[in-house]
Amino acid sequence: MAYQDTASEAELQQHGEEKEVNVAYIYLALALVVAAWAAAVVIFGLPGLYIPAVAMVPVCMLTIVRITLG
């Protein structure tokens, strides 16, 4: 029997609101990262654009390896 079958309407509604709050935090964090990167470009010029991207290469590589290993 699934959780949705046994849960009350209030519990299901509260669980949905928690997801909405978590998504809002993710969008906020993403907006802050983009704003910080834009500020780096304004302050440092072209190096502010490409140095953060180059710094993310090892992070992306480790993420890909972790995903493939399961």
Side-chain angles (χ1 to χ4, degrees):
M1 187 173 274
Y3 174 73
Q4 292 178 347
D5 296 336
T6 60
S8 69
E9 187 66 31
E11 289 175 339
L12 291 175
Q13 185 178 7
Q14 182 182 9
H15 185 66
E17 291 173 359
E18 289 175 5
K19 282 186 179 180
E20 291 175 7
V21 171
N22 290 339
V23 170
Y25 284 134
I26 291 171
Y27 283 138
L28 178 62
L30 183 62
L32 289 174
V33 168
V34 170
W37 199 345
V41 172
V42 169
I43 294 169
F44 300 112
L46 192 57
L49 180 66
Y50 65 80
I51 289 178
V54 172
M56 285 301 294
V57 170
V59 174
C60 292
M61 187 64 187
L62 289 175
T63 303
I64 291 170
V65 169
R66 181 163 166 93
I67 289 171
T68 57
L69 292 178

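- Listed by chain and number, the hydrophobic cluster partners of Met61 are Val65, Leu69, where partners are ILVMFWY side chains within reach of under 4.5 Å, directly or through others.
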Under 3.5 Å, sequence neighbours excluded: what are the donor-acceptor pairs made by side chains of residues 37-54?
unit_1 : atom_1 : unit_2 : atom_2 : d
Trp37  : NE1    : Gly48  : O      : 3.2
Trp37  : NE1    : Leu49  : O      : 3.1

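- Hydrophobic clustering, defined by side-chain heavy atoms of Ile, Leu, Val, Met, Phe, Trp and Tyr closer than 4.5 Å, leaves Ile67 isolated from every other such residue.
- Counting Ile, Leu, Val, Met, Phe, Trp and Tyr side chains that sit under 4.5 Å apart, directly or through other members, Met56 shares a hydrophobic cluster with Val59.
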Could you give the side-chain donor-acceptor pairs of residues 28-36 under 3.5 Å, partners two or more places apart or in another chain?
none

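- For Val57, the side chain to side chain contact (heavy atoms under 4.5 Å, CB included) criterion is met by no residue, not counting sequence neighbours.
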